[in-house]
Engineer: 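The following block contains the structure, expressed as structure tokens.
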2 protein chains.
Amino acid sequence: MSPEDHSAPPATPGKTRLSRELVLSAALALVDAEGLDALTMRRLGQELGRDPMSLYRYAANRAALLDGVSELVLDELDIIPDDPDWQAQLRRIAHDLRLLALRHPNVVPLLVTRPLSTPLGLRPLGTLRPLEQILSLLIDAGFAPEDALHVYRAYYGYLYGHILNELQEFVVDPDENEALLRLGLHRLPPKEFPRLRALAPVLADYDGMAELDEGITILVSGLAARLPLPGASTKP
Amino acid sequence: MSPEDHSAPPATPGKTRLSRELVLSAALALVDAEGLDALTMRRLGQELGRDPMSLYRYAANRAALLDGVSELVLDELDIIPDDPDWQAQLRRIAHDLRLLALRHPNVVPLLVTRPLSTPLGLRPLGTLRPLEQILSLLIDAGFAPEDALHVYRAYYGYLYGHILNELQEFVVDPDENEALLRLGLHRLPPKEFPRLRALAPVLADYDGMAELDEGITILVSGLAARLPLPGASTKP
DNA sequence: GCCTAGAGTCTACGTTGTAGAGAAGTTGTT
DNA sequence: AACAACTTCTCTACAACGTAGACTCTAGGC
């Protein structure tokens, strides 16, 4: 019962100086906990025990803040370009990214959407790093640069697609998943959606990891087959 | 110069009664022309020459309006389940959807993002129709229902991934594409992004259609290979 | 003519992002 | 210790947003 009652549940209680990292990680925590809409300047300010306006020292505006959150999340992904077995690498990274998406489902819309409104070269560097690193990995493994780009595109395309797919079917609470699904699907007119309704039980237990793994296998072996065999030098 | 002058540039100047179709197509036009952020209730009302509040007769709230726009766009895609050649069908649909995305790039974030916040069964019906139809197509072609679901997931996953990829590199004005790209990439620190910078010219001329086609080929033949051969009955 | 239902409008409220001026706090120089 | 220069944080204010609730207007049926 002190006169100034600043009990800060997740916030920094005292008066430590702010920093970009502090702001961004508070933003990420907020998004993880309550979704993208909860991330308003005012709310974040309150979470940090500061005036909302103070945030503008660390992010030019709300959009930049969102970019910062994307960057922060992507930094959790580490790509170590040691292993020369590119297929194994791509598989591992795919699983890592999938887990990362499951850990921060509310951030995925950002990851997927923000690049659409920013020209490639003007994106936050943290966002481009995975691209650079995977290119590097592939080229080191023996791909010609252009082919590496093609492989990257097919790979990342499928990977993001899968993540979106899986997150769509994941919804809220995994324990209630089946019930919710049945409930939801029950609403569909049986004449128009016989197939979907019939597949309800199958939809209910969806093993995203296994499915991703199969997809990667198909894609990677398909790619390997139609490209100049890796391992051989590409110099003339 | 008749008293009721209903020439509609984008708006209906006279006093024709509103309808859901009218509202939604005006909304779509607005999004296509000026982006998602331009679609506010007030702005759309003004575009239709009506009070913003009148829109609430035709969409429960802004989110529902966005759903309506998604639905409207997806209705442009028609899946005719006649051709028993599922591979050709999937390829055709993929190209159709790609073109649709290029026609309405500003809607793509909606297509990709809104399902993430809505349980499958509660989505607008128009959004689920492609899923149902593709399932139907695959099952008719001889796939067991569960396998059809797997094929669908891999296919749609890759397809959406590709579209996102392509739209990211497309940006604004295709004529300035190369210049913009170089300009943008020039900003990147050479030490950190050597591969990306070196690939600038290749990035500049990106043939999305060809790339999609190759990817589909790989995926579809991969899928065909590892599934019980289609055409044969799946009954024991 | 009036009556009723639906379509469209008006007013108002709370919340949002952020510009601009100022206060408070920190650091370096003497 | 005293000042100045800079950074960081706060205060106030404004325009624009979504939308609740009560109103008016219009079109048909009698």
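Fair warning: this is a prediction, and the values are worked out from it, not measured in the lab. First the proteins, then the strands, lettered A, B, ... as listed; each starts at 1.
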Engineer: Can you list the residues that meet the side chain to side chain contact (heavy atoms under 4.5 Å, CB included) rule with B:Asp51, with sequence neighbours excluded?
Structural biologist: B:Met53

Engineer: Using atom types as modelled and distance alone, determine if a side-chain donor or acceptor of B:Gln89 lies under 3.5 Å from a backbone N or O of B:Ile80.
Structural biologist: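 Yes: the side chain of B:Gln89 pairs with the backbone of B:Ile80.
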
Engineer: State which residues pass side-chain hydrogen bond (donor to acceptor under 3.5 Å, both in side chains) with A:Asn106; sequence neighbours excluded, sorted by chain then number.
Structural biologist: none

Engineer: Not counting sequence neighbours, which residues clear side chain to side chain contact (heavy atoms under 4.5 Å, CB included) with B:Thr40? List them please.
Structural biologist: B:Arg42, B:Arg43

Engineer: Taking atom P of D:dC17 as reference, at what distance in whole Å does atom CG of B:Leu44 sit?
Structural biologist: 12 Å

Engineer: Check DNA chain D against residues 26-42 of chain A and give the residues with a non-hydrogen atom under 4.0 Å, in numerical order.
Structural biologist: A:Arg42

Engineer: Whole angstrom is fine here: how far is it from CD in A:Gln46 over to P in D:dC9?
Structural biologist: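 Rounded to whole Å, this separation is 18 Å.
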
Engineer: Please report the distance, rounded to the nearest Å, between CG in B:Asp51 and P in D:dG21.
Structural biologist: 17 Å

Engineer: So among B:Leu110, B:Thr113, B:Val112, B:Leu28, which one has a side-chain contact (heavy atoms from CB on, under 4.5 Å) with B:Ser70?
Structural biologist: B:Leu110

Engineer: Taking side chain to side chain contact (heavy atoms under 4.5 Å, CB included) as the test, write out the residues that go with B:Pro190, two or more places apart.
Structural biologist: B:Arg197

Engineer: D:dC9 P sits how many Å from A:Arg17 CZ, rounded?
Structural biologist: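 My rounded result for the distance is 6 Å.
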
Engineer: Scan residues 123-137 of chain A for pairs that pass salt bridge (Lys or Arg N to Asp or Glu O under 4.0 Å), counting only residues two or more places apart or in two chains.
Structural biologist: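 Counting only pairs at least two positions apart or across chains, the salt bridge (Lys or Arg N to Asp or Glu O under 4.0 Å) contacts touching residues 123-137 of chain A are A:Arg129-B:Glu192.
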
Engineer: Give me each pair satisfying salt bridge (Lys or Arg N to Asp or Glu O under 4.0 Å) with a member in residues 21-32 of chain A, each pair once, sequence neighbours excluded.
Structural biologist: none

Engineer: Which whole-number value in Å describes the distance from A:Arg50 CZ to D:dC11 C1'?
Structural biologist: 16 Å

Engineer: Near DNA chain C, which residues from residues 52-62 of chain B have a heavy atom under 4.0 Å away?
Structural biologist: B:Met53, B:Ser54, B:Arg57, B:Tyr58

Engineer: Which residues satisfy the ring pair (Phe, Tyr, Trp, His ring centres under 6.0 Å) test with A:Tyr156, sequence neighbours excluded?
Structural biologist: A:Tyr152, A:Tyr160

Engineer: Mind jotting down which residue pairs meet the salt bridge (Lys or Arg N to Asp or Glu O under 4.0 Å) criterion with at least one end in residues 95-121 of chain A? Sequence neighbours excluded, please.
Structural biologist: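 Qualifying pairs, neighbours excluded: A:Asp67-A:Arg114, A:Glu76-A:Arg103, A:Arg92-A:Asp96, A:Arg98-A:Glu166.
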
Engineer: Can you name the side chain to side chain contact (heavy atoms under 4.5 Å, CB included) partners of A:Glu211, sequence neighbours left out?
Structural biologist: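 Partners of A:Glu211 by the side chain to side chain contact (heavy atoms under 4.5 Å, CB included) criterion, ordered by chain and then number, come out as A:His162, A:Tyr206, B:His150, B:Arg153.
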
Engineer: Mind grabbing the angle between the end helix axes of the helix from C:dG1-D:dC30 to C:dT30-D:dA1? Five pairs an end, 10° rounding.
Structural biologist: 10°

Engineer: How many Å lie between CG on B:Leu18 and C1' on D:dC25, as a whole number?
Structural biologist: 15 Å

